[in-house]
Structures are given as structure tokens and as C-alpha cells.
Number of protein chains: 2
Amino acid sequence: MHAPFIRSSADETEAAFYDAVSRSDIETLMALWAEDEEIVCIHPGSSRLVGHATIRASFEAIFERGTVLIRPVQLHVCRHVMTEVHSIIEEVQRTAEMTPDIHILCTNVYIKTPRGWRITLHHASVAPGAAPSELFRVSMLH
Amino acid sequence: MHAPFIRSSADETEAAFYDAVSRSDIETLMALWAEDEEIVCIHPGSSRLVGHATIRASFEAIFERGTVLIRPVQLHVCRHVMTEVHSIIEEVQRTAEMTPDIHILCTNVYIKTPRGWRITLHHASVAPGAAPSELFRVSMLH
């Protein structure tokens, strides 16, 4: 085990999350979560998972099934002092056997901890149709 | 238009949200959201909606189809100074024509505003099976 990087913004943590997912890098991925057993993860069409061990096992099972081909687009952000809520549309790269017309909607919540910005909640779900072509939007609430 | 109540906690706002939904009370419901055009709402199996007008229209369409029979259970909370993230399992009351074995997973994000605690994001999605019988959990992260 090496010491995890300190991520100095939620955006950096989020970029590292999607990078780790695309490379099936479970160690880097799990080091991005808050050191708290109350972290929550919801994969599309699945039940709620709580805690490091359960969430780790779920990503291990996903990675065993092959490379995850998703690309985050159309970020929508609410920034607060210690918390950021990101609403993301994930484009799913199509493979031959996949249903073509879906996209994934994802809510990621980040908190500022003494060890940098960490993920505290990831909620992903399937929406029908191709990803809509909204403009990229970032808002500052506070 | 009457002045909206000031809700002094996210829990109070959440209780008012589910109460307004159960009574199809669109005015009370919409007064619970932050006064910001960047509010986000995701209904189960639907696309992302942003802004008051769009979200209002979506709930009006839902209410026109009849009473919404959901009951929030198994709250899982991350409390911060100005923000709270609630992960909720919603039990769906069965009707004859409904698929029996689903439950709804919901992420609600609340922010503290000068006009009390308001909803800034509601993300609901369908999960397979009946609602699991976890214990009720509330955590304090900060």
C-alpha cells in the first residue's frame, strides 16, 4: 500500500475516478473515497452499497467483466465550501451487443477532508435515449 | 402565492417534500427547492431536468397520472455545515398492475440558504427486488 495522493479539488478527484475506472485500477479508485464507513455507491440498476469493503467488491466484480467504456460529459456542478455535488451525464461507448440508446446519469458528492477532496457518494442510473446535447454548465451556488 | 415556510433543518424539508408529493401539492413542493435555476431533478428512468420550470412541469405530469404511493425508509445521512446529502430507499406501494419487486433509491441534496434548508438535487432511480431490510442508519461526517 502506498500513501494516496492528496487531491486539491473535487474536479481533480473526479478526473482521477474516471481515469481509475477506465484502467480498472482498484487501488487508486478506492483511495479516492472518504475514509468513512458510511460512503454510499449505487451502480446503474443495482442496490445501494454502503462501506469500503462492499463498494470495493462491487468494482472488482465490474472490472472482472472487462473494461468500462464510459466518458463523463455535461458536468453540472454545485460548489460549496466543504462539499461539491456534481451531476454528470456519462456517455456509454457502444459495443455490438449493447442496447444503443441509453446514457447514464450520475450524482457524485465530494467532501473536503484533511487528506484532500474525497468521494462520499456515487449514484449512477440508466436513462433512456442517447445523451442529450445540452451545453456544458457549471454554476456557483455559494 | 403565499410566502413559503422557512424550514429549519434538512430533515424538515425532506418530510415536507414527501408529504407534498403524497398530496400532489405542487405549490408547496416547488417552494422547497433552492431559488436557483441550477437545481437538478432526475426521476426514475428519465433524463436529467434542470431548473424550476422544467422540474415543476415534470411533477405536474406525474401528479396528473394519479397519487404517488411512495414511503421513504432507511435514510442514510451525511451532514455538513451548509449541506446535507440524504440517501434514501423509497418503498413503492404496490398496485395490481405494477411490477412487484422494485424499490427506488434516491439521493437528495439539501443546502442551507437564507430562507432555510432547500432542495438542490433529487436523483431517484429504480433498483431490482424489494427494499432490503437494512437498519436505519444516520452518520455524522463533520
Side-chain angles (χ1 to χ4, degrees), chain A residues 34-51 74 76-90 102-114 118-132 134-135 137-142, chain B residues 34-51 74-90 102-114 118 120-132 134-135 137-142:
Chain A
E35 290 177 340
D36 189 289
E37 281 311 308
E38 303 300 314
I39 55 174
V40 171
C41 181
I42 300 164
H43 295 295
S46 299
S47 298
R48 177 170 68 176
L49 307 175
V50 178
Q74 300 179 40
H76 182 101
V77 177
C78 294
R79 296 189 203 281
H80 308 275
V81 179
M82 301 293 282
T83 317
E84 283 192 25
V85 179
H86 292 200
S87 171
I88 296 162
I89 292 178
E90 295 178 351
I102 61 156
H103 59 287
I104 293 178
L105 296 173
C106 178
T107 301
N108 287 333
V109 182
Y110 301 91
I111 56 169
K112 192 174 182 180
T113 77
R118 297 290 186 94
I119 305 165
T120 186
L121 178 139
H122 170 77
H123 181 172
S125 64
V126 175
E134 271 174 35
L135 291 173
R137 300 169 75 167
V138 174
S139 73
M140 303 282 289
L141 263 186
H142 289 286
Chain B
E35 290 177 341
D36 188 289
E37 281 312 308
E38 302 301 314
I39 56 174
V40 171
C41 181
I42 300 165
H43 295 296
S46 299
S47 300
R48 177 170 68 177
L49 307 176
V50 178
Q74 301 178 42
L75 177 61
H76 182 100
V77 179
C78 294
R79 295 189 204 281
H80 308 275
V81 178
M82 301 293 282
T83 317
E84 283 193 25
V85 179
H86 293 199
S87 170
I88 296 161
I89 293 178
E90 295 179 352
I102 62 157
H103 59 287
I104 292 178
L105 296 174
C106 178
T107 300
N108 287 332
V109 181
Y110 301 90
I111 56 170
K112 192 174 181 180
T113 78
R118 296 290 185 96
T120 184
L121 178 139
H122 170 77
H123 181 172
S125 64
V126 175
E134 273 174 33
L135 291 172
R137 301 168 74 167
V138 175
S139 73
M140 302 284 286
L141 263 186
H142 290 284

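Letters A, B, ... are given to chains in the order of the sequence lines, protein chains preceding strands, and every chain is numbered from 1.
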Part of A:Leu105 lying under 4.5 Å from any heavy atom of chain B: both
Identify all side-chain donor-acceptor contacts of residues 122-129 of chain A below 3.5 Å with residues at least two apart in sequence or on another chain.
| unit_1 | atom_1 | unit_2 | atom_2 | d |
| --- | --- | --- | --- | --- |
| A:His122 | ND1 | A:Asn108 | OD1 | 2.7 |
| A:His123 | ND1 | B:Thr107 | OG1 | 2.7 |
| A:His123 | NE2 | B:Ser125 | OG | 2.9 |
| A:Ser125 | OG | B:His123 | NE2 | 2.9 |

Please look at B:Leu121 and chain A and tell me whether the side chain, the backbone, both or neither of the residue comes under 4.5 angstrom of a heavy atom of that chain. side chain
Of the backbone (N, CA, C, O) and the side chain (C-beta and beyond), which part of B:Ser46 lies under 4.5 Å from a heavy atom of chain A, both, or neither? backbone
Please classify the contact of B:Ile104 with chain A as side chain, backbone, both or neither, using a heavy-atom distance under 4.5 Å. neither
Please give me the minimum heavy-atom distance between A:Ser87 and B:Val40, naming the atom from each residue. OG-CG1, 3.9 Å
Partners passing ring-ring contact (aromatic ring centres under 6.0 Å, His included) against A:His43 (at least two apart in sequence or in another chain): A:Phe59
Can you see which heavy atom on B:Arg48 is nearest to which on A:His76, and at what distance? NH1-CB, 3.4 Å
